[in-house]
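Notes follow once the structure below has been shown.
Below, chain A is the first sequence line, B the second, and so on; all start at residue 1. For the numbers below, each heavy atom of this structure counts, side chains included, while hydrogens, waters and symmetry mates do not. None of these values were measured; they are calculated from a predicted model.
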2 protein chains.
Amino acid sequence: MEKINLKDYAENFEDTYNDIQETFPKEVLPQAIICKFSSNEYIVRFDEDIQYLFFLLDGRAKIYIVHENGKRALIQFLKKNDFIGDLSLIEVEKNLKDVVAINECTCLAIPLASSREHLLNDKLFLYNLSRYLGDKLLKRTDHYTAMQDYEFKNRLARYILQIENDGFFQEKHTETAEYVGVSYRHLLYTLNQFHEEGLLEKRGRKYFIINKEKLERLSSKRD
Amino acid sequence: MEKINLKDYAENFEDTYNDIQETFPKEVLPQAIICKFSSNEYIVRFDEDIQYLFFLLDGRAKIYIVHENGKRALIQFLKKNDFIGDLSLIEVEKNLKDVVAINECTCLAIPLASSREHLLNDKLFLYNLSRYLGDKLLKRTDHYTAMQDYEFKNRLARYILQIENDGFFQEKHTETAEYVGVSYRHLLYTLNQFHEEGLLEKRGRKYFIINKEKLERLSSKRD
DNA sequence: ATAATAATAGGAGATATCTCATATTGAGGT
DNA sequence: ACCTCAATATGAGATATCTCCTATTATTAT
């Protein structure tokens, strides 16, 4: 992890810095720094205290919950403008999560010890935080209730459409399996099935969507 | 649904009224009323606009999410001091949920139209709302990730211990099945299995826990 | 009180999904 | 460039869980 002075960062990324100034009360910024994490680096570990509230400025990361039985579930992908440590800030978190950078991640890091009080006394920040948490709650609920009410091929179709890029589905299968909550083996079975049914085509190790309509039908219906 | 004047209610339930005054900014209370819902009555319907922010003062209710494929999932049980309509208040909700009273429910009802602005400008209320949402997010995540990482008998053991009363498990099987996310049929299989393994005993139509330790072991481990 | 509806209960068979084993290929570190 | 570890791929067999059916009790509503 590499630390950068916020001032130095601000000079090179004016637009992002403006966003930051609108999101956080000005009292906390003097203490904030920029942290850069490299791919696969842990931003937060489930068994260590968290010292900062992070705000993701660039890059992608993923949150895992670690269970006592050793299994872990990928519960969310993080992107620009997501918080890390929001639940620790408001002190409701009991079990921390693992947060791992997927590619290089640039984060604003606000020290909790010195800034908590400022943050929790800022009306606008609290309002935004509520909305952020509410939105997260809804998305997570949708994700998980879908697991319960749709069978896997429907959920997979949905996920592919959601994360597809230029018609290509190129997520790591290991990660996909953890996120959609099935075994790696079964994911491959279903991907093959999609292939045989003429929904996807394999190009190198990526899959290309060749029948988007059918995929869309599958994603929202039974079938 | 029966409406009661807040003043009248306050006279009979002083303690609860004190709680209310601490939870909500005083500007909104003059417009608030008390609503009583009877057992199985809908407090909110997924296809109708919500006009009030409700705060549950007494009784139990349950939230369902309704999916396009017709299935619905019980996502949360509500009890005293839970909000209903919190996500609509902050306007992040897209798909409403069904909320159904389990027994008689008494709610404080605050009209959204006239009170939204007051609520969202009150620092203390926003702080409490954030904590409430954060806590809800954590609990819901735990519930659902457990579905993914533990097999059903573990989850059922956990649920029984969580909701047991004086050693009796007496929830409706239909509701339990919807909440823990398995078919009614499979729930019965597993309950019978617990019976055969000497964990539960059937008394009338309730189950009585006769080996709590073993149930606890089952609830947190593989096995 | 009686009909109607919801909850409990269990049988039989189908299948979605898992576990374990094994081989091949790709990427990161020194 | 070489080694190691992670990711991809697939087979075979086991099982957790589902769907559909049919009775028998409770509850609720008229």
Side-chain angles (χ1 to χ4, degrees), chain A residues 38-42 62 64 69-74 100-104 146-157 169-197 200 202-207 218 222-223, chain B residues 37-42 62 64 69-74 100-104 146-157 168-197 200 202-207 218 222-223:
Chain A
S38 41
S39 173
N40 289 319
E41 192 175 353
Y42 278 76
K62 49 190 176 178
Y64 287 100
N69 66 0
K71 292 196 184 182
R72 64 179 197 175
L74 205 179
V100 183
I102 293 178
N103 47 25
E104 180 171 277
M147 318 214 7
Q148 196 171 131
D149 284 357
Y150 292 88
E151 61 181 83
F152 177 60
K153 58 183 172 192
N154 302 310
R155 285 183 278 135
L156 180 60
F169 172 68
Q170 47 192 323
E171 300 301 302
K172 277 192 199 155
H173 297 167
T174 43
E175 269 173 13
T176 301
E178 287 180 302
Y179 185 60
V180 294
V182 293
S183 66
Y184 179 81
R185 188 66 191 84
H186 191 59
L187 171 62
L188 284 217
Y189 271 133
T190 312
L191 242 20
N192 276 332
Q193 211 175 299
F194 281 12
H195 178 219
E196 278 165 22
E197 287 166 8
L200 300 177
K202 214 165 169 182
R203 298 205 183 155
R205 28 187 56 221
K206 304 176 189 175
Y207 283 88
L218 195 56
R222 49 219 144 177
D223 213 276
Chain B
F37 297 90
S38 41
S39 174
N40 290 318
E41 192 175 351
Y42 279 76
K62 48 190 175 178
Y64 287 100
N69 66 0
K71 293 196 183 182
R72 66 178 194 175
L74 205 178
V100 183
I102 293 178
N103 47 26
E104 181 172 274
M147 317 214 9
Q148 195 171 128
D149 284 357
Y150 292 87
E151 62 181 82
F152 177 60
K153 57 183 173 191
N154 303 310
R155 285 183 277 135
L156 179 60
F168 281 101
F169 173 67
Q170 48 193 321
E171 300 301 301
K172 278 192 198 154
H173 296 167
T174 43
E175 268 173 12
T176 301
E178 285 179 307
Y179 185 59
V180 293
V182 293
S183 65
Y184 180 82
R185 188 67 191 83
H186 191 61
L187 172 61
L188 284 213
Y189 272 133
T190 311
L191 242 21
N192 276 331
Q193 212 173 297
F194 281 11
H195 179 218
E196 280 165 21
E197 287 166 7
L200 301 177
K202 213 166 171 181
R203 298 202 184 158
R205 27 187 56 219
K206 304 176 189 173
Y207 284 88
L218 196 56
R222 50 221 142 176
D223 214 275

Nearest whole Å is fine: how far is [N] [atom2] from [X] [atom1]?
{"X": "B:Leu200", "N": "C:dA9", "atom1": "CG", "atom2": "C1'", "value": "16 Å"}
{"X": "A:Met147", "N": "C:dC18", "atom1": "CE", "atom2": "C1'", "value": "14 Å"}
{"X": "B:Lys153", "N": "D:dA16", "atom1": "NZ", "atom2": "P", "value": "6 Å"}
{"X": "B:Gln148", "N": "C:dT17", "atom1": "CD", "atom2": "C1'", "value": "13 Å"}
{"X": "A:His173", "N": "D:dA7", "atom1": "NE2", "atom2": "P", "value": "12 Å"}
{"X": "B:Tyr207", "N": "C:dA7", "atom1": "OH", "atom2": "P", "value": "16 Å"}
{"X": "B:Gln170", "N": "D:dT27", "atom1": "CD", "atom2": "P", "value": "12 Å"}
{"X": "B:Lys206", "N": "C:dA7", "atom1": "NZ", "atom2": "P", "value": "18 Å"}

- prompt: With respect to the phosphate group of C:dA6, does any side-chain polar atom (N or O) of B:Thr174 fall under 4.0 Å of OP1 or OP2?
  reply: no

- prompt: Counting just side-chain N and O atoms, does A:Lys172 come under 4.0 Å of either OP1 or OP2 of D:dA6?
  reply: no

- line: Note: contacts of residues 183-196 of chain A with DNA chain D (heavy atom, under 4.0 Å) are A:Tyr184, A:Arg185, A:Leu188, A:Tyr189, A:Asn192

Once you round to the nearest 0.5 Å, how far does [atom1] of [X] lie from [atom2] of [Y]?
{"X": "A:Leu191", "Y": "A:Glu196", "atom1": "CG", "atom2": "CD", "value": "11.5 Å"}
{"X": "B:Glu175", "Y": "B:Leu187", "atom1": "CD", "atom2": "CG", "value": "12.0 Å"}
{"X": "A:Asp149", "Y": "B:Glu178", "atom1": "CG", "atom2": "CD", "value": "9.5 Å"}
{"X": "A:Leu156", "Y": "A:Glu151", "atom1": "CG", "atom2": "CD", "value": "11.5 Å"}
{"X": "B:Thr176", "Y": "B:Gln170", "atom1": "OG1", "atom2": "CD", "value": "11.0 Å"}

- prompt: Where the side chain of B:Ser183 meets the backbone of B:His186, is there a donor-acceptor pair that is under 3.5 Å apart?
  reply: yes

message: Can a donor-acceptor pair be found, under 3.5 Å and without considering hydrogens, that links the side chain of A:Ser39 to the backbone of A:Ile102?
response: yes

message: Just so I know, are the side chains of B:Thr190 and B:Phe152 near enough to count as touching, which here means a heavy-atom distance under 4.5 Å?
response: yes

message: Go nucleotide by nucleotide along DNA chain C from the 5' end; which of A:Arg205 and A:Val182 gets its closest nucleotide reached first?
response: A:Val182

task: Starting from the first five and the last five pairs of the helix from C:dA1-D:dT30 to C:dA27-D:dT4, work out the angle between the resulting helix axes, to 10 degrees.
output: 70°

task: Examine the side chains of A:Glu171 and A:Tyr179 and answer whether a donor and an acceptor come within less than 3.5 Å of each other.
output: no

